[in-house]
Structures are given as structure tokens and as C-alpha cells.
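Structure, as C-alpha cells:
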Amino acid sequence: MTLTATPPADLVDLSSIKTVKQVPYTEYFVSGHRTCQGCESALVMRYIAKAAGPRTIVMGSTGCMYVANTSYYTTPWVVPWMHTQLGSAGSAALGAAAGLKVLMRKGKLADEPINVIAFCGDGGGADMGLSAISAALTHADYRFLIILYDNESYANTDIQVSGSSPYGAVTTFSPTGKKKRLMHTRWKKNTPGALVAGHPDAAYIATACASYGVDFMNKVRKGLAAGGPAFIHTLDPCPKGWHYDPQLSHELGKLAVETGIWSLWEMEDHTVKLNGTTKSLAAGRAKRKPVREYLSKQGRFAHFIDEDYDLFQRRVDEQWTDWLIPGVVSFGVEAGTPLNIKTAATS
Ligand SMILES: Cc1ncc(C[n+]2csc(CCOP(=O)(O)OP(=O)(O)O)c2C)c(N)n1
Ligand code: SF4
Ligand SMILES: [Mg+2]
């Protein structure tokens, strides 16, 4: 028997949200979780669910957003949710999308749009599961969205350093001490830049931050509507791991962008665009704030002295002066190299 169903249009609405007033009222990630007060990753989950709506399957890899969200016998997820192993968000997204496609082709499931979303943390996505995400983004014929929520540590297991932890940050694996002030001296991995540069068949790749909620929800919708593999990387202030008063979460997310440490951009139709504040900074319409304004509000940088702030500032400046696309692609090009730049008139 072939099943058919036409879900009401508002259940699969992936249209652009123009203003806060147009944000859907209904929640699909509700109370019943035990994340820390001020946890921006929990807000990321709420925005994902709100933007995607009820015809959605969510899979999440091990980490705070699995453990704190789904303690025994409780769940904040209104939509179907499944835990997947740490490091396997890419495989889960691709497998679920492929499974749905086959079931629909065989007539065992009504042929209707179902959003497939898999999320992972920075440990599970930028480190351990990077290969699975990379593989998934080469499968142009499947529609799914992978969201990497980046709280810049392996937070759930008590804040261990990850490839996404910022230079100099104190974590349980990189404490500060009298003999060695800075234990973690590697620069943060540019995961979204690596993915956008290396996956020509990806339908949509973007960065976001929950402090810019409408921008983020629209990116979730664009990723789901793009018709192929999509990926979004969010930067999520984490009061416990970053050591700050939870009421500062929103402000820190904004400061990350305003200082140029985190950039907002998206790749759609095989073209990268800078968004919002990042675009204004790159065009010179706004001035980048000093990184000290962001770093000094967090206990994980409390051991910083002037030379540490200076180095951090210099490295961030380089992201704006030396990178091919400010804050996006972590290399420059030799002068005279022809670049295929699309202008508004030709794109
Ligand atoms: C294969 C495997 N190795 C280690 C663990 C232990 N573990 C569970 S959650 C976690 C931290 C994951 O960090 P991240 O992906 O950044 O998510 P967060 O906890 O920060 O939300 C670790 C190491 C595990 N569950 N599975
Ligand atoms: S440790 Fe950080 S990411 Fe984990 S629940 Fe607390 S605030 Fe959220
Ligand atoms: Mg993490």
C-alpha cells in the first residue's frame, strides 16, 4: 500500500523570518532539561526546534545536550529525538536521511518533507566526528542538517580542552600554574572554514550564535530548505566552562562577534556571504571592539597578562587582514592571483 499525506503548510514552513514578531510561538524543546542556568547550547536547541517545526527528527551525539537534556525518564524534546554515539552526528544524519528516502520510495512511509537534524558538540564534531561530518557533506543527494554547538570544551565530562578551545583558556586539562601560566597554546581550529573550503557538494554551510536568534533560526531553515547536505556551526557561551555569571551569556555571544573573534557567514548557492555585524565590520561600517572586552569577562582567561591579550589580539587581527575572506578561510593568496568574485550584478 502506498501511503500519502499532505501535511498542513504551517507544519513544514521553512520561509524566512523577517522580524522577531514572526518567530513561531510554539515550542518543540521545552522544560524538563537540566542544563546550567544561562546555557546557550540549550538555547541553540530551542531555536533549532522552533525554526524546524514539528515534522522533524533530531539526533544528538553524547555531550551536555544529550546528558543534561535527557536524564532518565525526562526529556524536553517534543519532536522525535534519538541519542547517537559521540562522534557520529554525520553518520546519523546521513543514515536517517537515506532511510527515510528508501522507506518513502518503497511506499512504506508517506512521501512528505521530514526534516532530519543531527547535532554534536565541538568534541563530538570538530574533533572526534569530523570525518563522519566530512563524509556526510559529500552526499549531495540526501537532505539533512548537521549542527555543531561549540561550547569550546568537552563540557559534559568536566571541561576538557578540545580542538575548538581558544588559545590560553583554562580547562581541566589546561590549568594555569606558577611555573606555566598558559598550558593550552594552540589556536582554535577553523572547523566551518575547513568544511566550506573542502566540500563543493554541500548545499549550505554557515556559522551562527544564539545571541543573534533570528539570524540563527533563518539559517536553520535555509539549511533544511537547501535540498542537500547542510552544516551550521554555532558558538555557545557556557557559564560553567567559561567561568562567568550566567546573565552574561547573551552579551558574550555578541562580544565574540563584535570583537571579530567569531564571524557570522553563510555559504548558499556555492557563494559565501558575510552576515550582519560581521559584514559591517568587514566593510568598515563598524569598528571591531578590542578582544580584551570579551576575554576579561571570563574566568577561564583570568590569568591573562598584557602579553597574552596582545598575542590574542594580533591573531584575531590576522583573521581580518591576512585571511582570504575575513574570518572565514584561514589562508591568503599571492598578489595577482585571479579571484572569481561574484558581484551583486552577476551573482
Ligand atoms: C567514544 C566516546 N568517548 C568518550 C566518551 C565520554 N564523553 C561523553 S560526553 C563527552 C564530551 C563531549 O564533548 P562535546 O562533544 O564538546 O560536547 P559537550 O559535552 O561539550 O556538550 C565525552 C568525552 C563517550 N561517551 N564516547
Ligand atoms: S556545562 Fe556549559 S554546555 Fe554544559 S549544560 Fe552547563 S552551560 Fe550548558
Ligand atoms: Mg563541547
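One-based numbering, in listed order, for ligands and for the atoms of each. All residue numbers refer to positions in the sequence shown, counting from 1.
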Looking only at atom types and distance, does a side-chain atom of Tyr149 sit under 3.5 Å from a main-chain N or O of Met65, one as donor and one as acceptor?
->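 Yes; at least one donor-acceptor contact below 3.5 Å.
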Under 3.5 Å donor-acceptor, Asn190 side chain and Val328 backbone =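 The answer is yes, because a donor-acceptor pair under 3.5 Å joins these two groups.
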Report the protein N/O/S neighbours of atom 8 (Fe) of ligand 2 that fall below 2.8 Å; do not count waters.
->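 Near atom 8 (Fe) of ligand 2, the protein supplies Cys39 SG.
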Can you check side-chain hydrogen bond (donor to acceptor under 3.5 Å, both in side chains) on Thr62 and His83, steps first, answer last?
-> CA-CA 7 Å; Thr62 326; His83 169 235; 2.9 Å; yes
For this output row, return yes or no: ring centroids of Phe29 and Trp77 closer than 6.0 angstrom.
->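 Ring-ring flag for Phe29/Trp77: true, centres closer than 6.0 Å.
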Mind jotting down which protein residues get a heavy-atom contact under 4.0 Å with ligand 1? Chain and number order, please.
->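 The answer is Thr62, Gly63, Cys64, Leu86, Gly121, Asp122, Gly123, Gly124, Met128, Tyr149, Asn151, Ser153, Tyr154, Ala155, Asn156, Thr157, counting any residue whose heavy atom sits under 4.0 Å from ligand 1.
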Check the pair Trp265, Leu274 against side-chain contact (heavy atoms from CB on, under 4.5 Å), reporting the backbone distance first and the verdict last.
-> CA-CA 4 Å; Trp265 55 266; Leu274 302 180; 4.0 Å; yes
Option from Arg300, Lys240, Lys189 for which salt bridge (Lys or Arg N to Asp or Glu O under 4.0 Å) with Glu152 holds =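 Between Glu152 and the candidates, salt bridge (Lys or Arg N to Asp or Glu O under 4.0 Å) is satisfied uniquely by Arg300.
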Does NZ or CZ of Lys101 fall inside the cone over Tyr142's six-membered ring, less than 6.0 Å from its centre and within 45° of the axis?
->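 The answer is yes, since Lys101 meets both limits relative to Tyr142.
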List in chain and number order the residues that pass salt bridge (Lys or Arg N to Asp or Glu O under 4.0 Å) with Arg46, two or more places apart in sequence or in another chain; answer none if no residue qualifies.
->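 Salt bridge (Lys or Arg N to Asp or Glu O under 4.0 Å) list for Arg46, sorted by chain: Glu27.
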Linked hydrophobic residues, Ile305 as query - side chain contacts closer than 4.5 Å |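 Once heavy-atom contacts under 4.5 Å are chained together, Ile305 still belongs with nothing else.
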